[in-house]
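I have placed the structure first, in the form of structure tokens, so that the comments after it can refer back to it.
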Amino acid sequence: MKTLETISNIAGKYFAVWVMLAAVVAFIFPDTFLVFGGYITILLGVVMFGMGLTLKAVDFKIIFTNPLPVIIGLIAQFTIMPLTAFAIAYLLQLPAELAAGLVLLGSVPGGTASNVMVYLAKGNVALSIAMTSVSTLVAPIATPLILLGLAGQWMPVDPVSMFLSIFQVIIVPIVLGLLVKKLLPNIVEKSLNIIPLISVVAIIVIVTAVVSRNSEKIATAGFIVFVAVMLHNAAGLFLGYLAALALKLDEGTRRAISIEVGMQNSGLGVALATAHFAPAAAIPSALGAVWHNISGPILATYWAKRPVKDQPASKSEKPIGQSKQA
């Protein structure tokens, strides 16, 4: 078990590196990874099951004790990201499949890797975990409706079918994780330190599957899509911070909202694009899985060198056992 924990820590610490290497290898040798294409939804379900195992009642305490930052962050999450994705898709004149895929990336909830980034950035970790949890639970309704309004012009959107997909791939695994934790608390507690390893492996396999299936399209349109993903991520990080600043929230809260808004659940984006859009629509989310885990640590490192003054200790508590997810 100690060996697995060590491997898990290394996998989590260098997550961005592993994702980049996996993407490059899958691009060079696509045939090797095509077999994983049919397991994307299952793999994401495994990641969300891990999230359910790590959730605690205390994670939702801030929603009732100080709901305003959670509400502000949630609104920012589901307005800034889809609207900026829509604007960037138009500005760069992306092909229909890629434009719809970028808007999809902007319409999914935040990923749990953001919780670790907020901790490293000395931000409000309790708020970060609450925002990730709430946005994930809201996603079955919010994501299909946003896509219907913004991406319908590029690709047909079936909101009911998408709702069922998100419910099956997110809500069901999370609930199962909570039930297992309730029934087998001792076993789950002993396994928490290896959950990040499982999540990292799942996300890496998802990325290889998408890159291998779209290697030719990435070769022809990869640069412009990567630029779009970078601009989208930068807009989320900047505008999320700006929104919190405009509402005069404290610095730790600004950092948390910025990172939560900017880092998306790209694994969910890949799964939804694969199931409901054309295969190429998954490219923005696959590239997002790589880039978000590069920009996040860079920003977290920058903020880590600038401590937040007078921040309560509870806000910088380490998110123990929180699974890493793009």
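None of these values were measured; they are calculated from a predicted model. Just so it is clear, the values below take in all heavy atoms, side chains as well, and ignore hydrogens, waters and symmetry mates.
- The shortest non-hydrogen separation linking V261 to A76 is CG2-CB, 3.8 Å.
- Side-chain atoms of R255 do not come within 3.5 Å of backbone N or O of N124 as any donor-acceptor pair.
- I75 and I80 are members of different hydrophobic clusters when ILVMFWY side chains are connected at heavy-atom separations under 4.5 Å.
- Summarising the geometry, atom CG belonging to L102 is positioned 8.5 Å from atom CG belonging to L92; distances are rounded to the nearest 0.5 Å.
- In this structure, F29 and V25 have side chains that are in contact, with non-hydrogen atoms separated by less than 4.5 Å.
- Without hydrogens or angle criteria, S161 side chain to D158 main chain gives no donor-acceptor distance under 3.5 Å.
- A distance of 14.5 Å separates CD1 in I88 from CD in Q93, rounded to the nearest 0.5 Å.
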Side chain to side chain contact (heavy atoms under 4.5 Å, CB included) between S258 and L299, worked out: CA-CA 10 Å; S258 169; L299 182 60; 4.2 Å; yes

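- Applying the ring-ring contact (aromatic ring centres under 6.0 Å, His included) rule to pairs touching residues 79-98 yields F86-Y90, F86-W154, Y90-W154, sequence neighbours excluded.
- Residues P30 and S212 approach most closely at O-CB, 3.2 Å, considering heavy atoms.
- With rounding to the nearest 0.5 angstrom, the CG atom of L21 is 12.5 Å from the OG1 atom of T208.
- Side-chain heavy atoms closer than 4.5 Å link hydrophobic residues (I, L, V, M, F, W, Y) into clusters, and following such links, possibly through other members, connects L104 to F167.
- The side chain to side chain contact (heavy atoms under 4.5 Å, CB included) test with I146 is passed by exactly one of T143, L148, L150: L150.
- Hydrophobic clustering, with ILVMFWY side chains joined whenever heavy atoms are under 4.5 angstrom apart, groups F49 together with I42.
- In terms of heavy atoms, A281 sits closest to P284 at O-CD, 3.3 Å.
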Identify each donor-acceptor pair in which a side-chain atom of residues 223-245 lies under 3.5 Å from a protein atom, sequence neighbours left out, and give them as a table.
residue: H232; atom: NE2; partner: M81; partner atom: O; Å: 2.8
residue: N233; atom: OD1; partner: W291; partner atom: NE1; Å: 3.2
residue: N233; atom: OD1; partner: S295; partner atom: OG; Å: 2.6
residue: N233; atom: ND2; partner: G262; partner atom: O; Å: 2.8
residue: Y241; atom: OH; partner: E251; partner atom: OE1; Å: 2.7
residue: Y241; atom: OH; partner: E251; partner atom: OE2; Å: 3.3

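- Considering all non-hydrogen atoms of both residues, Q264 and V108 come closest at NE2-O, 2.9 Å.
- With values rounded to the nearest 0.5 angstrom, L247 atom CG is found 4.5 Å from I72 atom CD1.
- If you take CD1 on I170 and CG on N265, they are separated by 5.5 Å, rounding to the nearest 0.5 Å.
- Panel note: side chain T253, backbone L249; no donor-acceptor pair is recorded below 3.5 Å.
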Test side chain to side chain contact (heavy atoms under 4.5 Å, CB included) applied to L145 and F163, step by step: CA-CA 9 Å; L145 292 179; F163 166 83; over 6 Å; no

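- Inter-residue side-chain proximity for L98 and P95 is flagged as met; some heavy-atom pair is nearer than 4.5 Å.
- Judged by distance alone, the side chain of T132 and the main-chain N or O of G110 form no donor-acceptor pair under 3.5 Å.
- Clustering ILVMFWY residues whenever any of their side-chain heavy atoms sit less than 4.5 angstrom apart, transitively, puts V134 in a cluster other than the one holding I71.
- Note on L91: it does not cluster hydrophobically with V103, by side-chain heavy-atom contacts below 4.5 Å among ILVMFWY residues.
- Across all non-hydrogen atoms, the minimal contact from I166 to A139 is CD1-O, 3.8 Å.
- By the 4.5 Å heavy-atom criterion applied to side chains, V138 and F78 are counted as neighbours.
- Minimum interatomic distance between S107 and P82 (heavy atoms only, all atoms of both residues): OG-CB, 3.8 Å.
- The closest side-chain heavy-atom distance from L74 to M131 is not below 4.5 Å.
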side-chain hydrogen bond (donor to acceptor under 3.5 Å, both in side chains) between S165 and H276, intermediate numbers included: CA-CA 9 Å; S165 290; H276 298 279; 2.7 Å; yes

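- Of the inter-residue distances, the one linking L176 atom CG with K181 atom NZ reads 15.0 Å to the nearest 0.5 angstrom.
- Between the side chains of Q77 and S135, no donor-acceptor pair of N or O atoms lies under 3.5 Å.
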